[in-house]
Amino acid sequence: MTIPSSSTTNRPQRSRGLINALVVVAATTCIVLVLWMLRATQIDPYIKKTADLSGSPENGAKLFRMNCASCHGITAEGLVGPSLLEVSSRKSDSKLISQIVSGDTPPMPSFQMEPQAMADLLAHLHSLN
Ligand code: HEC
């Protein structure tokens, strides 16, 4: 009587398991990519529109005091959130806009505002130093 060795019976099964796992990983990656692209195309026109406007630093300062100062400090020196002094030298406008609207960095909430208000806020962020 011959007993089949475990390595010959197990191998096909194990590689099928690996292929299944790879298929799942590939499918998940595709879904994540599609969702990411959908969001990028939603945010892009907004960034473009904002970039075309010229902002009022005075109104931006007002918006900052109302929405951001509770976490970033009244002079943006940092509190719960990091200091935003010279933040525009560290981050591009599109990065700043994405961070403000996305809600990707909790506890910072996602802020939805008109492009003009965003342009004003950016003008204020540019003045922080
Ligand atoms: C509830 C608190 C909270 C509020 C309100 C808030 N933030 Fe934040 N913010 C944070 C925290 C916390 C971080 C750090 C997030 C991280 O990097 O993980 C952050 C990060 C940032 C950054 C990135 C800083 C850097 O050096 O990379 C910017 C820019 C920013 N916030 C702008 C704003 C603006 C503008 C507003 C108002 C419209 C705002 N935040 C309101 C908590 C807050």
Side-chain angles (χ1 to χ4, degrees):
M1 188 172 93
T2 55
I3 300 168
S5 82
S6 63
S7 66
T8 51
T9 51
N10 272 354
R11 199 179 301 135
Q13 238 175 357
R14 220 185 301 145
S15 64
R16 221 177 300 138
L18 185 65
I19 288 168
N20 283 344
L22 283 175
V23 168
V24 170
V25 168
T28 312
T29 310
C30 285
I31 291 168
V32 169
L33 270 178
V34 166
L35 288 178
W36 181 77
M37 273 161 50
L38 274 179
R39 222 191 49 175
T41 54
Q42 274 178 341
I43 288 180
D44 262 351
Y46 178 76
I47 291 179
K48 229 178 270 159
K49 210 165 172 189
T50 303
D52 288 344
L53 297 167
S54 83
S56 142
E58 292 78 24
N59 196 44
K62 215 185 292 169
L63 290 170
F64 186 87
R65 282 196 299 272
M66 290 192 295
N67 298 291
C68 323
S70 54
C71 287
H72 290 284
I74 195 83
T75 58
E77 74 281 13
L79 212 61
V80 179
S83 162
L84 297 181
L85 300 178
E86 314 216 322
V87 70
S88 55
S89 64
R90 297 195 297 273
K91 286 196 161 171
S92 67
D93 280 359
S94 64
K95 282 244 171 71
L96 289 172
I97 296 174
S98 300
Q99 177 137 17
I100 294 166
V101 301
S102 72
D104 279 347
T105 54
M108 182 164 152
S110 140
F111 292 92
Q112 308 297 327
M113 56 186 100
E114 293 298 313
Q116 184 60 59
M118 181 60 82
D120 295 351
L121 189 57
L122 282 177
H124 176 66
L125 292 180
H126 288 172
S127 74
L128 295 174
N129 46 39

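Heavy-atom basis, side chains included; hydrogens, waters and symmetry copies ignored. The structure presented is a predicted model; accordingly, all values stated were derived computationally and were not measured.
- A single hydrophobic cluster is seen to contain both L128 and M66, as judged by linkage of ILVMFWY side chains at heavy-atom distances under 4.5 Å, directly or through other members.
- Following chains of ILVMFWY side-chain contacts shorter than 4.5 Å, one can reach L96 starting from L85, so the two form part of one hydrophobic cluster.
- The CD atom of Q116 sits 5.0 Å away from the CG atom of L53 when rounded to the nearest 0.5 Å.
- Heavy-atom neighbours of E114 CD from other residues, nucleotides or ligands within 6.0 Å: at or below the threshold of 12.
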Using the rule given for side chain to side chain contact (heavy atoms under 4.5 Å, CB included), can you reason through Q99 versus M108, listing the C-alpha separation, both sets of side-chain angles and the distance that settles it, and then say yes or no? CA-CA 9 Å; Q99 177 137 17; M108 182 164 152; 4.1 Å; yes
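- There is a path of hydrophobic side-chain contacts, each under 4.5 Å, that joins F111 to I97.
- Taking every heavy atom of both residues into account, S98 and I47 meet most closely at OG-CD1, 3.9 Å.
- Contact check for L125 versus I100: side-chain heavy atoms found under the 4.5 Å cut-off.
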Take E86 and S88, measure what side-chain hydrogen bond (donor to acceptor under 3.5 Å, both in side chains) needs, and give me the verdict at the end. CA-CA 5 Å; E86 314 216 322; S88 55; over 6 Å; no
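- Interatomic distance, CG of L122 versus CG of D93, reported as 5.0 Å (0.5 Å rounding).
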Run the side chain to side chain contact (heavy atoms under 4.5 Å, CB included) check on K62 and N59 step by step: do they pass? CA-CA 5 Å; K62 215 185 292 169; N59 196 44; 4.0 Å; yes
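- Hydrophobic cluster membership for V80: none, as no Ile, Leu, Val, Met, Phe, Trp or Tyr side chain comes under 4.5 Å of it.
- Nearest heavy atoms, S110 versus V101: OG-O, 3.0 Å.
- Y46 approaches M113 most closely through the heavy-atom pair OH-O, 2.7 Å.
- Here I31 sits in one hydrophobic cluster together with L35; the rule is ILVMFWY side chains under 4.5 Å apart, joined directly or through other members.
- With hydrogens and angles disregarded, a donor-acceptor distance shorter than 3.5 Å links the side chain of S92 to the backbone of K95.
- Remark: S56 OG to L121 CG distance equals 11.0 Å, nearest 0.5 Å.
- Taken from CG in L84 to CG in N129, the straight-line distance is 12.5 Å, to the nearest 0.5 Å.
- Residue pairs meeting the ring-ring contact (aromatic ring centres under 6.0 Å, His included) criterion with at least one partner in residues 50-85, sequence neighbours excluded, are F64-H124.
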